[in-house]
Protein chains: 2
Amino acid sequence: MSQLDTVNRILDAAEVLFAERGFTETSLRTITSTAGVNLAAVNYHFGSKKELIQAVFERFLTPFTENLDRELNRRESQAQLQLEDLLQSLYRVALAGLAREGRDPKRFMRLLGLAYTQSQGHLRRFIVSRYGASYRRFAGQLSDALPQVDPVTFYWRLYFMLGATIFSLSSFDAIEAILREDFGAESSLDETLARLAPAAVAMLTAPDVGAG
Amino acid sequence: MSQLDTVNRILDAAEVLFAERGFTETSLRTITSTAGVNLAAVNYHFGSKKELIQAVFERFLTPFTENLDRELNRRESQAQLQLEDLLQSLYRVALAGLAREGRDPKRFMRLLGLAYTQSQGHLRRFIVSRYGASYRRFAGQLSDALPQVDPVTFYWRLYFMLGATIFSLSSFDAIEAILREDFGAESSLDETLARLAPAAVAMLTAPDVGAG
DNA sequence: CATCAATTAAAACGTTTGTTTAAGAGCTGA
DNA sequence: TCAGCTCTTAAACAAACGTTTTAATTGATG
């Protein structure tokens, strides 16, 4: 087993277990025994548990933001500012790009949800410093497509949209199971994104009552 | 110090610390030293850490659902099915009711977010079994106010709405700090709810493209 | 084949965790 | 006043945690 094997086996196991249980609830012993490697391998290859967590996110977020940036470049050169298209860029191009590389987009959203809600200060700092530029660029193009919306209102709605997206997609399997039981209706991720995009657009473009 | 004092001091400390750090990241020793009581008091009065977590939620959710049920009763007797009013019931009556009883609605939303995202199976079961009826009743009235929306679409949008609400309100302080820095605009919870309600309405009533 | 660095392995480290125990204190009612 | 119950206290428990150490093993290079 080469070094690269060991590192990837650890990342694979950690990614699945973190998404299932959270960071604190997943011990290094569970990760290493699932991966079939020695306990000390984590500290040897990654340094610490914190750095392993960051590495798991790096493996997800780097291709994701690369896909997103490519799409934002394409859009910028064409000066298109269609709102629904922009969300489709986020939802389809970036997520489908992940899927094409063999990474589960649902697991990605689940991890992203954890990054927001589990109070891991180091992780938030890591993500902001590493991927904050792409996020601000996307938010900027989104804001440009909504010139009629007051900036403060826009940013609140951006967080509403993020919440709706991260929350529902990170709990996708649970919600899907409930709907399947109650309505016998199977839902795919693509189908859910096709529901989410127009709902998000409606929320972003709602008449601004100008609270405050 | 009476027994009731000890119990309440523990609940007060646990509520704040859980909301700040999460369940696993908060030790019983931190809770009891913050509360100024003996370590063993938690196991004596509550039985275990899990039951303490449930007790914290019970103290929040019981008055919240009571307020909500009262409002739903009032609406049912009047046969009003105005969508925006219904959300205002949830947002203002229930949350403002909490505030009137001295309980911080922001902390409540933060805890509710944790309940969804931190994988505490026992807590989810506790909440569903105890407060599921009120939730289904609210969802039912909301569904009745949207007769034109396909049931499966409705339920997905319900989760989108829950996500937007829980996510943005549970991170209220963090978001507010960012907006204050970037725009110098202070945001109150009431103001944010006044932004959230119409955004949620717009999302729920968006044209149903009928995905699937 | 011998050498040397990189990697793996097993074991132990010191902390921290939730929980339990056993003794003490404080109050109540007879 | 004293028995009896409730509650608090201090101490200890075993288990689990992340990390470190030291030795064995591997694989490439001279």
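By convention in this document, chain letters (A, B, ...) are assigned in the order of the sequence lines, proteins followed by strands, and residues within each chain are numbered from 1.
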Legend entry - Selection from C:dT21, D:dT20, C:dT19 that lies nearest to any side-chain heavy atom of B:Ala40: C:dT21

Inset, instruction - Using a strict cut-off of less than 4.0 Å between a Lys/Arg side-chain nitrogen and an Asp/Glu carboxylate oxygen, indicate whether B:Arg59 and B:Glu15 qualify as a salt bridge. - result: yes

Legend entry - Nearest-angstrom distance from the residue atom CD1 of B:Ile31 to C1' of C:dT16: 15 Å

Inset, instruction - For B:Arg21 and C:dT17, give me the distance from atom CZ to atom C1', rounded to whole Å. - result: 15 Å

Legend entry - Interatomic distance where CG belongs to B:Leu17 and P belongs to C:dT17 [whole Å]: 12 Å

Legend entry - OP1 or OP2 of C:dT16 under 4.0 Å from side-chain N/O of B:Ser27: no

Inset, instruction - Assess the pair A:Phe167 and B:Tyr116: is the distance between their ring centroids shorter than 6.0 Å? - result: yes

Inset, instruction - Compute the centroid of each ring, for B:Phe126 and then for B:Phe57, and state whether the two points are separated by less than 6.0 Å. - result: no

Legend entry - salt bridge (charged side-chain N to carboxylate O under 4.0 Å, His left out) evaluation trace for B:Asp190 with B:Arg92: CA-CA 8 Å; B:Asp190 271 356; B:Arg92 294 210 188 280; 3.6 Å; yes

Inset, instruction - Report the distance from atom CG of A:Leu39 to atom C1' of D:dG18, rounded to the nearest whole Å. - result: 8 Å

Legend entry - Atom pair distance, as rounded to whole Å: CD in B:Glu51 and C1' in C:dT19: 13 Å

Inset, instruction - Map A:Arg29 and A:Ala41 onto DNA chain C by nearest heavy atom, then report which one ends up closer to the 5' terminus. - result: A:Ala41

Inset, instruction - Would you indicate what B:Thr26 reaches in the nucleic acid, counting non-hydrogen atoms under 4.0 angstrom: base, sugar-phosphate, or nothing? - result: sugar-phosphate

Inset, instruction - Mind checking B:Thr30 for me? I need base, sugar-phosphate or nothing, with any heavy atom below 4.0 Å counting as a touch. - result: nothing

Inset, instruction - Find the distance A:Glu25:CD to D:dA16:C1' and express it as a whole number of Å. - result: 14 Å

Inset, instruction - Return the nearest nucleotide to the side chain of A:Asn43; candidates are C:dT20, D:dT19, C:dA10. - result: D:dT19

Legend entry - Any B:Thr6 side-chain N or O less than 4.0 Å from OP1/OP2 of D:dT8: yes

Inset, instruction - State, with a plain yes or no, whether a side-chain heavy atom of A:Leu86 is found less than 4.5 Å away from one of A:Leu72. - result: yes

Legend entry - Rounded interatomic separation in angstrom, taking CZ from A:Phe46 and C1' from D:dT20: 18 Å

Legend entry - A:His45 side-chain N/O to C:dA6 phosphate OP1/OP2 under 4.0 Å: no

Inset, instruction - Starting at atom CG of B:Leu28, determine the distance to atom C1' of C:dT19, rounded to an integer number of angstrom. - result: 9 Å

Legend entry - Closest listed nucleotide, where the reference is the side chain of A:Tyr44 and the choices are C:dG18, C:dA6, D:dG18: C:dA6

Legend entry - Nucleotide nearest B:Lys49 (side chain, heavy atoms from C-beta), chosen from D:dT21, C:dT19, D:dT19: C:dT19

